[in-house]
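Right, one structure below, let's go through it.
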Amino acid sequence: MCSATIGISPVMSSPVITRFAPSPTGFLHIGGARTALFNWAFARHTGGKMLLRIEDTDRERSTEAAISAILDGLKWLGLSWDGEAVSQFARADRHREVANDLLKRGRAYYCYCSPEELEAMRARAEAEKRPVRYDGTWRDRAAGDAPAGVKPVIRFKAPQEGETVINDHAQGRVVIPNKDLDDLIILRSDGNPTYNLSVVVDDHDMGVTHIIRGVDHLTNAARQTQIYLAMGWDVPDMTHVPLIHGPDGAKLSKRHGALGVEAYRAMGYLPAALRNYLARLGWSHGDDEIFSTAQLVEWFGLEAIGKSPARFDFAKLENLNGHYIRATPDEVVLKEFLAFLPHVAGGPEMLAALEGGRMAAFTRALPGLKERAKTLVELQTSAAFLFASRPLPLDDKAKGLLNDEGRAALRGVVPVLEGLAEWIAPAMEAAVKAHAEAAGLKLGKLAQPLRAALTGSATSPGIFDVLEVLGREEALARIKDHSA
RNA sequence: GCGCCCUUCGUCUAUCGGUUAGGACGACAGCCUUUCACGUUGUAAAGACGGGUUCGACUCCCGUAGGGCGCGCCA
């Protein structure tokens, strides 16, 4: 159990409820994925629940496509949520109700400033190098002053003195002077609620006990805290996780390639590897680097989350991914690979070939293939020789290996292979090694030309495995194609 | 401009006042070897800077520098 140090006493603490609350204006980006992972891991660790809420109150930018991209991304990563995903927009009536409640309590007021006036106010402040904040024009005006025909917004009447404190698990005790927080709009002039109001109402109504999100929300946390207090509600336990930066230290952006998790899928990363990598970014458990998801759940705690931003390191992800590919049972890798193929160039074709009869050969080759692949893309590339049709095209290195000397070596080994009673790797290895020894050749002088003729490349799994996987007829034919 | 936050090897991090500052990725060198990969052995590599506090600071405090985030009728 994670013992909460602030607010709730351990004895009285209710089951943990976390939530992941993305706004559907694009795909699930990598930072969001990690936030979801942390929420998920914490909920699982405590035996609590993780809820999912789609923050779709911005009708202009929210799309159905983005919602399904986010859901798909979460599913692919293996992060399940409890219950149905909640649409924030659908709860607008409730948000309005709370806005009016705040009005009644004297903790909110109508503001008749137009967007243009506000823009002018901001411009003025900037020109005079003052902080840009709402100046409180309508904060204490009488209702009778309202201009006719203007639809007002509702603003929250924020405390002007003192300070707001956020007791944050990652950030520690953060103190924000109230004078730096202005009266934010909670209900737009069209009657629709804004983010900070909706979040507070939803988190409260959904019974969220722990909020885990990016530090970019830290200032919002202060404003939201004020709303909780104004409503007399318990403030949830907060954890603001540092952001993930690109390899150059700047904010992760399109420039760095992969933004959405589906891009990571297309690059051939395994969900388990990405989970492990992401967990290690900003969270640690001693010196542990490689751990299962079960261990993550067992170990995960808010207190071990760091405060400083981390850079995304593809080299490390790749290393981890290679580890996972090697360590994962063949049948699981196969399943992942088949699920991966539709998402990459050349994948659908390979999938068709597999389903068209090449599955057996691929399955036999998989143990040798996966030993060498750091990503599923590499697996796909290195498996290509299985699907090639004769005569095999050769890459430059393969051509170099099949010079006069190489071809002569192949001609010498053909009868040896043809004479084999059983077409199995150990038998071929013994026979070819004996042949090499008798001929006074180093094994490499035979193996490399064989590799070139059989795969069209200078690298492949062990050559005897390749021979076996290809089968007697196909293998001998490929050798003869390139030994003349 | 104002507010908040951050700063240990190139990167991710351990350290919770006393360590030869540890691990991992990456790099480099060697070994293994039919190629590649794996594996394995080893090497280089860090407390931003300046002041305090203390018998003793990477660790606590202050300042400086650099960086991040926030400041919408976006979320």
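Letters A, B, ... mirror the listed sequences (proteins, then strands); counts begin at 1.
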Nucleotide paired to B:C28 in any strand shown, Watson-Crick or G-U, under 3.5 Å
B:G42
Between A:Asp330 and A:Arg364, is there a side-chain N and carboxylate O pair less than 4.0 Å apart?
no
Report the distance from atom NZ of A:Lys397 to atom C1' of B:U34, rounded to the nearest whole Å.
15 Å
Side chain of A:Pro177 - closest among B:C12, B:U35, B:C4:
B:C4
Charged N to carboxylate O below 4.0 Å: is that the case for A:Glu371 and A:Arg326?
no
Can you tell which of B:G3, B:U11, B:U13 lies closest to the side chain of A:Ser284?
B:U13
Any N or O donor-acceptor pair under 3.5 Å from the base of B:U11 to the side chain of A:Arg311?
no
With a 4.0 Å cutoff (strictly under), does any side-chain N or O of A:Lys374 reach OP1 or OP2 of B:C38?
yes
Whole-Å distance separating the CG atom of A:Asp288 from the C1' atom of B:C12:
14 Å
Nearest-neighbour nucleotide for the A:Thr459 side chain, B:U34, B:C5, B:C36 considered
B:C36
Would you mind checking if A:Asp203 and A:Arg53 are paired as a salt bridge, meaning a charged N to carboxylate O distance below 4.0 Å?
yes
At a cut-off of 3.5 Å, list every protein nitrogen or oxygen paired with a nitrogen or oxygen from nucleotides 68-75 of chain B, distance to 0.1 Å.
residue: B:G70; atom: O2'; partner: A:Thr219; partner atom: OG1; Å: 3.2
residue: B:C71; atom: O2'; partner: A:Val132; partner atom: O; Å: 3.2
residue: B:C73; atom: O3'; partner: A:Arg188; partner atom: NE; Å: 3.2
residue: B:C73; atom: O2; partner: A:Ser189; partner atom: N; Å: 3.0
residue: B:C73; atom: O2; partner: A:Ser189; partner atom: OG; Å: 3.0
residue: B:C73; atom: N3; partner: A:Ser189; partner atom: OG; Å: 2.9
residue: B:C73; atom: N4; partner: A:Cys113; partner atom: O; Å: 3.2
residue: B:C74; atom: OP2; partner: A:Arg188; partner atom: NE; Å: 2.1
residue: B:C74; atom: OP2; partner: A:Arg188; partner atom: NH2; Å: 2.5
residue: B:C74; atom: O3'; partner: A:Arg188; partner atom: NH2; Å: 3.0
residue: B:C74; atom: O2'; partner: A:Asp58; partner atom: OD2; Å: 2.6
residue: B:C74; atom: O2'; partner: A:Arg61; partner atom: NH2; Å: 3.2
residue: B:C74; atom: O2; partner: A:Arg61; partner atom: NH2; Å: 3.1
residue: B:A75; atom: OP1; partner: A:Thr57; partner atom: OG1; Å: 2.9
residue: B:A75; atom: OP1; partner: A:Arg188; partner atom: NH2; Å: 2.5
residue: B:A75; atom: OP2; partner: A:Arg188; partner atom: NH2; Å: 3.1
residue: B:A75; atom: OP2; partner: A:Tyr195; partner atom: N; Å: 3.1
residue: B:A75; atom: O3'; partner: A:Glu55; partner atom: O; Å: 3.2
residue: B:A75; atom: O2'; partner: A:Ser23; partner atom: OG; Å: 3.1
residue: B:A75; atom: N6; partner: A:Asn220; partner atom: OD1; Å: 3.3
residue: B:A75; atom: N6; partner: A:Asn220; partner atom: ND2; Å: 3.3
residue: B:A75; atom: N1; partner: A:Asn220; partner atom: ND2; Å: 3.2

Restricting to nitrogen or oxygen on both sides, can you table the protein-nucleotides 21-24 of chain B pairs closer than 3.5 Å?
residue: B:G22; atom: N2; partner: A:Asp287; partner atom: OD1; Å: 2.6
residue: B:G23; atom: N2; partner: A:Glu289; partner atom: OE2; Å: 2.5

Salt-bridge contact A:Lys433-A:Glu437 (side-chain N to carboxylate O under 4.0 Å)
no
Would you mind telling me which of B:C36, B:G3, B:C4 lies closest to the side-chain atoms of A:Asp180?
B:G3
